There are 2 protein chains.
Amino acid sequence: MRRDVFQAIADPTRREIIGLLANNPMNLTSVTENFNISQPAISKHMKILIECGLISVEKQGRERYCEVKLDSLNEVEEWLAPFRKMWEQRFDQLDQLLIKMQSKSKNEQ
Amino acid sequence: MRRDVFQAIADPTRREIIGLLANNPMNLTSVTENFNISQPAISKHMKILIECGLISVEKQGRERYCEVKLDSLNEVEEWLAPFRKMWEQRFDQLDQLLIKMQSKSKNEQ
DNA sequence: TAATTTTATAACCGAATAGTTATATATTAA
DNA sequence: TTAATATATAACTATTCGGTTATAAAATTA
């Protein structure tokens with residue numbers, strides 16, 4: 001079973017759970033109340049999120065408080081970084097081209 | 001069938017394909033040579049990548065030249081952005097705490 | 001102690017995923 | 001024209017995914 005951050009955030013419900021918990025940590029029942037799926041389904045999503053370090057759980061009596069571990073998203077961040085750099089570079093090149101074209105048209109006036 | 005960028009980059013082979021093509025565009029056969037899976041398997045991955053705008057294909061004779069569309073990764077970037085912000089904020093708070101603690105220990109000397 | 005609440009787990013189901021092999025269809029080269 | 005090359009597609013398979021219901025276990029409340 002592949003179990004990594006990329007696979008974890010592929011599911012829209014899990015992305016929502018992350019967003020929900022980033023704002024305020026809460027227990028599993030509260031998380032469940034925010035969705036139209038059963039508690040076991042949420043438990044399963046949680047298991048995946050926990051297994052790849054996206055969420056941590058603290059036992060408090062019979063409840064389990066769930067919290068997002070934001071730094072675990074770093075793996076995605078790092079994969080994305082070089083592409084963002086290339087993308088920005090392209091924009092810079094486009095900018096320079098536009099500047100060149102503008103100064104050229106000025107000279108022609 | 002869900003088909004979005006998050007699901008597309010969930011597969012490690014597809015992430016590799018994106019990385020490969022970001023460096024230099026190439027045809028499907030060349031992409032295939034970089035992996036230990038069959039040509040139809042690569043074709044299927046390509047279909048998914050094309051369908052969610054991560055890759056564009058240009059027909060050139062019997063070959064198909066494949067190119068990454070970097071801006072399509074923006075969806076991931078945008079989802080990640082607020083979390084990165086929160087994450088940085090936490091570091092800032094930690095920094096401020098450390099500064100406070102340092103100045104306090106200085107006063108105590 | 002009995003009832004309630006919170007969570008986990010088992011067993012199941014249909015659909016999706018990631019691969020395979022075989023084959024068809026263009027296009028190019030001999 | 002025939003052979004070779006590049007790609008697409010069909011049919012199949014095993015596994016995973018995302019959900020369900022039923023039930024168990026642990027902790028809390030009445």
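Lettering follows sequence order; numbering is per chain, from 1. Excluded from the calculations below are hydrogen atoms, water molecules and symmetry mates; all remaining heavy atoms, backbone and side chain alike, are included. Worth saying up front: this structure is predicted, and the values here are computed from it rather than measured.
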Worksheet item: Rounded to the nearest 0.5 Å, how far does CH2 of A:Trp79 lie from CZ of A:Phe6?
Response: 6.0 Å
Worksheet item: Between A:Ser43 and C:dT7, is there a side-chain N or O to OP1/OP2 distance below 4.0 Å?
Response: no
Discussion item. With hydrogens left out and only the distance checked, is there a donor-acceptor pair under 3.5 Å joining B:Arg64's side chain and the base of D:dT7?
Written reply: no
Worksheet item: Minimum heavy-atom separation for B:Ile9 to B:Leu73, with atom names?
Response: CG2-CD2, 4.4 Å
Discussion item. Please report the distance, rounded to the nearest Å, between CD in A:Glu16 and C1' in D:dG18.
Written reply: 15 Å
Discussion item. Expressed as a whole number of angstroms, how long is the span from A:Ile37:CD1 to D:dT20:C1'?
Written reply: 11 Å
Discussion item. Could you check whether the side chain of A:Arg62 and the base of C:dT6 have a donor-acceptor pair of N or O atoms closer than 3.5 Å, going by distance alone?
Written reply: no
Worksheet item: Is the distance from OP1 or OP2 of D:dA6 to the nearest side-chain N or O of B:Lys59 less than 4.0 Å?
Response: no
Fill in: Side-chain N or O of B:Thr29 closer than 4.0 Å to phosphate OP1/OP2 of D:dT5
no
Response to the item:
Result for 5'-nearest mapping on DNA chain D, choosing between A:Gln60 and B:Lys44, is B:Lys44
Practice prompt. With the side chain of B:Ile48 defined as its heavy atoms from C-beta on, choose the nearest nucleotide among D:dG18, C:dT27, C:dA18.
Written response: C:dA18
Worksheet entry | Interatomic distance, B:Asn27 atom CG to B:Tyr65 atom OH [nearest 0.5 angstrom] | 4.5 Å
Worksheet item: Using a cut-off of less than 4.0 Å, is there contact between a side-chain N or O of A:Gln7 and OP1 or OP2 of D:dC17?
Response: yes
Worksheet item: Taking CE from B:Met46 and P from D:dT7, how many angstroms apart are they, rounded to a whole number?
Response: 9 Å
Fill in: Atom pair distance, as rounded to whole Å: CD in A:Glu51 and C1' in D:dC17
14 Å
Discussion item. Membership question, hydrophobic clusters at under 4.5 Å side-chain separation (ILVMFWY): are A:Val57 and A:Leu49 in the same one?
Written reply: yes
Fill in: Spacing of A:Leu28 atom CG relative to C:dA8 atom C1', expressed in whole Å
9 Å
Item to complete: Would you kindly give the CG-to-P distance between A:Asn36 and D:dT20, to the nearest whole Å?
Response: 9 Å
Discussion item. From C-beta outward on B:His45, which listed nucleotide comes closest to its side chain: D:dG19, C:dT6, C:dG19?
Written reply: C:dG19
Worksheet item: Does A:Gln39 make a side-chain donor-acceptor contact with the base of C:dA8, cut-off 3.5 Å?
Response: yes
Item to complete: Measure the distance from CZ on B:Phe35 to P on C:dT20 and round it to the nearest whole Å.
Response: 13 Å
Worksheet entry | Lys/Arg-Asp/Glu bridge criterion (N-O < 4.0 Å) met for A:Glu58, A:Arg64 | no
Item to complete: Consider the side chain of B:Pro40, meaning its heavy atoms from C-beta on, and name the nucleotide among D:dT7, D:dA8, C:dT6 that approaches it most closely.
Response: D:dA8
Discussion item. Can you measure A:Arg15 atom CZ to D:dC17 atom C1' for me and round it to whole angstrom units?
Written reply: 15 Å
Fill in: Residue whose nearest DNA chain D nucleotide is more 5′ - A:Ala41 or A:Arg3
A:Arg3
Worksheet item: Would you say the side-chain atoms of B:Asn74 pair up with the backbone N or O of B:Glu77, donor to acceptor, closer than 3.5 Å?
Response: no
Worksheet item: What is the nucleic acid contact for A:Ser38, judged by heavy atoms within less than 4.0 Å: base, sugar-phosphate only, or nothing?
Response: base
